[in-house]
Amino acid sequence: MPSSSKLPHVGTTIFTVMSKLASDSKAINLSQGFPGFGCDPVLLDLVNHYMRAGFNQYAPMGGVPLLRERIAEKTKLVYGVDLNSESEVTVVSGATEALYAAVTAVVKQDDEVILLDPAYDSYAPAVELSGGIPVFVPLEMPDFSVNWERVKSAISDKTRLIMVNTPHNPSGYVWTRQDLDTLADLIQDTNILIVSDEVYEHITFDGRVHHSLLTHPALRERTFICGSFGKTFHVTGWKIGYCIAPPKLTEEFRKIHQFLTFSTATPLQYALADYLSDAGRYLTLPHFYQKKRDLFCDGLKNTPFQFTPAQGSFFQMVSYAHLSDESDYGLSVRLTKEIGVASIPISVFFSDGSDRKILRFCFAKDNSELHLALDRLLKVKL
Ligand code: PMP
Ligand code: GLN
């Protein structure tokens with residue numbers, strides 16, 4: 001047995017822990033972020049079709065060319081940006097792989113990487129496994145916006161990378177155009193690269209626009225964009241996504257990708273290529289999820305929790321800081337066991353585990369399940 005761990009502070013992810021507890025307690029699982037409903041049967045038929053038609057061997061390392069073209073077409077349609085699908089788009093086995101491969105491709109021993117705190121839980125371990133040093137910059141409460149003065153003072157001549165996530169998990173904060181401009185100004189005379197996690201790109205509310213870093217020319221030339229079909233087409237278990245980056249960065253990215261997974265499930269790639277030909281399938285997503293957010297938030301008004309409706313993502317945060325000192329982890333476990341609704345305590349996303357008395361609920365569920373969860377949340381005792 002090895003005597004020392006490479007990740008001594010890392011345990012099992014909270015998503016695994018809470019989903020298991022939800023299952024053991026027969027609770028409604030609003031913890032781990034995954035849709036509670038199925039995908040479009042058309043997509044299932046397409047996968048079935050391509051499997052039976054014999055598309056079952058390794059896909060090209062960078063991805064099936066037609067899927068890469070379709071990703072480029074989607075990018076043109078949604079963001080007005082032209083891509084070379086050969087040299088700038090790589091299909092990967094989920095955004096988790098894209099994030100890991102991008103970090104591994106560029107971070108060397110003792111490089112500093114700026115992480116906006118709280119951050120999605122896979123970022124810091126990826127940085128540390130490459131010998132990098134995470135430098136945490138706290139987001140502003142209560143909306144989790146970026147404090148650019150703090151980012152500026154965190155930048156040093158050792159900064160190699162800044163990791164960005166919009167719409168943000170867990171808060172749902174959506175970056176503004178001003179955020180992009182400020183970031184571009186801050187790094188213009190540096191060699192700093194960006195990893196931009198945009199897995200919720202199609203889930204924004206109240207008419208908000210998702211400003212992909214691709215749409216900012218100065219940022220685009222130094223950014224890896226990470227996307228996920230799991231989120232967009234309700235198939236998180238398929239683990240398929242993509243990375244968009246300029247040719248030189250894509251070259252480095254693929255050096256890692258080819259030894260991490262080599263390629264991604266072939267029939268899924270062909271099926272998604274076909275499915276993407278109808279843009280309505282992703283352009284309707286904001287409306288679809290806004291109805292769920294609104295339903296969930298309407299019900300939350302009758303509970304003791306305080307909240308501001310999420311700007312994006314399929315998560316809603318709620319605060320109970322005005323009512324109780326109970327730890328967010330303790331409350332999350334108690335609610336799962338006692339009333340049968342599982343959530344995520346957001347302390348797990350903070351680098352220092354700080355407890356703001358906030359829980360995160362996933363509202364990507366059937367309306368009937370959301371109603372049932374809301375009925376149960378009425379009984380919360382704090
Ligand atoms: N980034 C964020 C912010 C996420 O919430 C998730 C969870 N889906 C991922 C990355 C991972 O995406 P995937 O399931 O495609 O690996
Ligand atoms: N992204 C999902 C969430 O935030 C979880 C994905 C996972 O379990 N790895 O809940």
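Note that these values count all heavy atoms, side chains included, but never hydrogens, waters or copies made by symmetry.
The side-chain tip of Arg293 does not point at the ring of Phe314 from less than 6.0 angstrom away and within 45° of straight on.
Taking the ring centroids of Phe296 and Phe361, they lie under the 6.0 Å cut-off. For Tyr50 and Phe55, the ring centers are positioned less than 6.0 Å apart. His234 has its ring centre less than 6.0 Å from the ring centre of Phe288.
Between Phe15 and Tyr120, the two ring planes are parallel [angle under 30°; tilted spans 30° to 60°]. Below 30°, between 30° and 60°, or above 60°: for Phe144 and Phe350 the angle between ring planes is between 30° and 60°, a tilted geometry. Classified by interplanar angle (parallel below 30°, tilted 30° to 60°, perpendicular above 60°), the ring pair Phe363/Tyr289 is perpendicular.
When the side chains of ILVMFWY residues are joined at heavy-atom separations under 4.5 Å, either directly or via intervening members, Leu161 and Ile244 end up in a single hydrophobic cluster. Residues Met141 and Leu359 do not share a hydrophobic cluster, defined by chaining ILVMFWY side chains whose heavy atoms lie under 4.5 Å apart. One hydrophobic cluster, built from ILVMFWY side chains closer than 4.5 Å, cannot hold both Leu214 and Tyr200; they sit in different ones. If you chain together hydrophobic residues whose side chains sit under 4.5 Å apart, Leu30 and Leu300 fall into the same group. Leu331 and Ile358 are not part of a single hydrophobic cluster, where members link through side-chain heavy atoms under 4.5 Å apart.
Within a 6.0 Å radius of CG in Asp24, other residues, nucleotides and ligands contribute more than 12 heavy atoms. Atom NE2 of His322 has more than 12 neighbouring heavy atoms from other residues, nucleotides or ligands inside a 6.0 Å radius. Within a 6.0 Å radius of CG in Asp352, other residues, nucleotides and ligands contribute more than 12 heavy atoms. For CZ of Phe37, the number of neighbouring non-hydrogen atoms (other residues, nucleotides, ligands) closer than 6.0 Å is greater than 12. When the shell of 6.0 Å around CD of Gln188 is examined, it contains more than 12 heavy atoms from other residues, nucleotides or ligands.
To the nearest 0.5 Å, atom NZ of residue Lys379 and atom CD1 of residue Ile339 are 7.5 Å apart. Summarising the geometry, atom OH belonging to Tyr282 is positioned 9.5 Å from atom CZ belonging to Phe229; distances are rounded to the nearest 0.5 Å. Atom-to-atom distance recorded for Ile14:CD1 and Tyr329:OH is 5.0 Å, nearest 0.5 angstrom.
A side-chain hydrogen bond (donor to acceptor under 3.5 Å, both in side chains) with His202 is found for one member of His210, Lys74, Lys231 and no other, namely Lys74.
With no hydrogens or angles considered, no side-chain donor-acceptor pair links Lys365 and His371 at under 3.5 Å. Checking Ser327 against Asp355 by side-chain atom types alone, no donor-acceptor pair falls below 3.5 Å. Side-chain contact annotation: Asn169 with Arg360, donor-acceptor N/O pair under 3.5 Å present. Side chain to side chain, Thr96 and Lys239 meet the donor-acceptor criterion of an N or O pair below 3.5 Å. The closest side-chain donor-acceptor pair between Asp328 and Ser347 falls under 3.5 angstrom. When only modelled atom types and interatomic distance are considered, Asp40 and Tyr275 share a side-chain donor-acceptor pair under 3.5 Å.
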Checklist entry - For His168 and Ser171, what are the C-alpha separation, side-chain angles and deciding distance, and is it a side-chain hydrogen bond (donor to acceptor under 3.5 Å, both in side chains)? => result CA-CA 6 Å; His168 181 250; Ser171 71; 2.7 Å; yes
Next on the checklist: Does Leu116 form a side chain to side chain contact (heavy atoms under 4.5 Å, CB included) with Val151? I'd like the steps, not just the answer.
Outcome noted: CA-CA 8 Å; Leu116 302 172; Val151 175; 4.0 Å; yes
